[in-house]
Amino acid sequence: MKRIVCIILLFGYLGHAQEMDKETQKAIKKSATYTWEGNKKLDEQDFVNAEAKYRKAISENADNNIAPYNLGNAYYENKTYSEAFGRYKQSAESATSKSEKHKAFHNLGNVFMKSNEYEKAVEAYKEALRNDPTDEETRYNFALAKEMLKKQQEEQKNNPDKDDQDQEDNQDKQDQQDQNQDKQEGEQDQEDKGDQEDNKNQDQEEGDQGDQEKEDEKEGEGDKKDEQPQDGDQEEQQQPRPNQLSPQQVRSLLEAMQNEEKKVQEKIDAQKIKGPKVKNEKDW
């Protein structure tokens, strides 16, 4: 896979920027800075942040063909070939030098080889060789793509049904690539608005989370009320409660009261037998 020396080309962009208005110069410089930061993140294996930096670079300057090319390389290494196709195509369309076009078309050929689209790979490598006929790696890939295409065509002759299926599969892949390209263009248009939307959504999520927590607290209180025993719950009534006598204690208390009453009754009966007490005091 072809790579480019990004630092030299970035300085070239900055050199042309001196002939432009201040706003354009500012955008080009920001795009170059984002591209450099994206390269650094990619070297650190931080693909997520590298992708974000490259997208910002493309958003600042649509003529920056380095950022989409390097982003295409990142997608290619992650085996996201449909995304890589869109970025390489974008880089080839915005490239101004033969060297830049050669590298973009070479990598487009590599993407087509991965998806077994050998006819398209042959055309991509052929276009790369038009811009740099001396590159041996491109020439080798071109020869390999022609050989694979010949073999594929022979298999299709021997198996016509497979030919129809391959055509359908290739059409599906092309449709997917076109959809990804449209998606990428839409994402670039929304790049500047994205940060504001993210902040707004974050605030909204925090507010929703607070409302949800309050709602959960209310539901928790309701669950606790539901868990309290009801008056008509027979099973709960049978359970011992604090400060309440057990059935055994009640029986013991009743027996004690009965014994006490029996003793009192025996005293009363004894007094009746003996008769009233005689007073020793005199009456005046």
Side-chain angles (χ1 to χ4, degrees), residues 1-14 27-95 99-117 120-121 124 128 137 141 172-202 205:
M1 181 171 58
K2 294 294 182 181
R3 299 183 180 275
I4 55 180
V5 182
C6 300
I7 301 299
I8 296 176
L9 294 178
L10 288 176
F11 282 129
Y13 272 118
L14 297 178
I28 291 176
K29 289 180 180 179
K30 288 177 67 175
S31 179
T33 300
Y34 283 133
T35 302
W36 181 83
E37 292 175 351
N39 295 344
K40 183 178 179 181
K41 292 297 182 182
L42 199 60
D43 289 339
E44 296 172 354
Q45 303 298 318
D46 186 356
F47 173 78
V48 174
N49 286 320
E51 180 186 26
K53 295 295 183 181
Y54 287 137
R55 286 181 181 276
K56 288 182 178 180
I58 297 168
S59 177
E60 290 290 340
N61 179 19
D63 293 331
N64 180 354
N65 70 295
I66 301 170
Y69 180 87
N70 288 357
L71 181 55
N73 287 346
Y75 284 132
Y76 187 91
E77 291 179 0
N78 284 339
K79 299 181 180 181
T80 313
Y81 300 121
S82 59
E83 298 285 350
F85 164 81
R87 293 305 178 180
Y88 288 142
K89 181 180 179 182
Q90 183 181 10
S91 178
E93 291 172 348
S94 60
S99 176
E100 294 168 359
K101 289 182 177 293
H102 162 252
K103 293 178 175 65
F105 279 109
H106 177 99
N107 285 2
L108 272 174
N110 291 351
V111 171
F112 290 131
M113 290 290 285
K114 288 291 184 180
S115 58
N116 299 330
E117 297 178 84
K120 292 182 180 180
E137 184 179 351
N141 288 3
D172 291 340
K173 290 177 182 177
Q174 184 62 46
D175 292 341
Q176 182 65 38
Q177 290 171 352
D178 293 340
Q179 291 176 5
N180 291 334
Q181 180 68 17
D182 294 340
K183 179 181 177 182
Q184 290 167 3
E185 293 174 355
E187 288 173 348
Q188 291 175 22
D189 294 338
Q190 297 296 327
E191 189 69 32
D192 294 335
K193 298 179 181 179
D195 294 338
Q196 296 178 357
E197 290 294 331
D198 290 341
N199 293 333
K200 182 178 178 181
N201 293 336
Q202 184 177 2
E205 290 175 358

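The analysis underlying the following values was restricted to heavy atoms, covering all of them including side chains, and did not include hydrogens, waters or symmetry mates. Quick note: residue numbers are just sequence positions, from 1.
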**OP:** Check step by step if side chain to side chain contact (heavy atoms under 4.5 Å, CB included) holds for N141 and H106.
**Re:** CA-CA 9 Å; N141 288 3; H106 177 99; 3.5 Å; yes

**OP:** May I ask you to check whether T35 and N70 show a side-chain donor-acceptor distance below 3.5 Å?
**Re:** no

Original post:
Looking only at side chains, do K29 and T33 share a donor and an acceptor under 3.5 Å apart?
Top reply: no

**OP:** Measure the NZ-CG distance between K40 and D46 for me, rounded to the nearest 0.5 Å.
**Re:** 11.5 Å

Original post:
Considering all heavy atoms of both residues, which atom of A74 and which atom of F47 are nearest to each other, and what is their separation?
Top reply: CB-CE1, 3.5 Å

Original post:
Between L42 and A50, what is the shortest heavy-atom contact and its length?
Top reply: N-CB, 3.7 Å

Subject >> Main-chain N/O of D63 paired to N61 side chain as donor or acceptor, under 3.5 Å >> reply: yes

**OP:** Determine the interplanar angle of the Y76 and Y81 rings, folded into 0 to 90°, and report it as parallel if under 30°, tilted if 30 to 60°, perpendicular if over 60°.
**Re:** perpendicular

Original post:
So, are E60 and K56 salt-bridged, with charged N and O less than 4.0 Å apart?
Top reply: no

Original post:
So, for G109 and A121, which heavy atoms are closest and what is the spacing to 0.1 Å?
Top reply: O-CB, 3.7 Å

**OP:** For A124, enumerate each residue passing the side chain to side chain contact (heavy atoms under 4.5 Å, CB included) test, keeping only those at least two apart in sequence or located in another chain.
**Re:** L108, F112

**OP:** Might you work through the side chain to side chain donor-acceptor pair (under 3.5 Å) test for Y88 and N110, ending with a clear yes or no?
**Re:** CA-CA 10 Å; Y88 288 142; N110 291 351; over 6 Å; no

Original post:
What are the two closest heavy atoms between N64 and A67, and how far apart are they?
Top reply: OD1-N, 3.3 Å

**OP:** Answer yes or no: is there a side-chain heavy-atom contact under 4.5 Å between R87 and I58?
**Re:** yes

**OP:** Please confirm whether the backbone N or O of Q90 pairs with a side-chain atom of S94, one donor and one acceptor, at under 3.5 Å?
**Re:** yes

Original post:
Hey, does the side chain of Y54 reach the backbone of Y34 with a donor-acceptor pair shorter than 3.5 angstrom?
Top reply: no

Subject >> Contact check, side chains of Y69 and N107, non-hydrogen atoms, under 4.5 Å >> reply: yes

Original post:
Is a side-chain N or O of S91 found less than 3.5 angstrom from the main chain of N65, in a donor-acceptor match?
Top reply: yes

Original post:
With no hydrogens and no angle check, do the side chains of Y75 and E51 hold a donor and an acceptor under 3.5 Å apart?
Top reply: yes

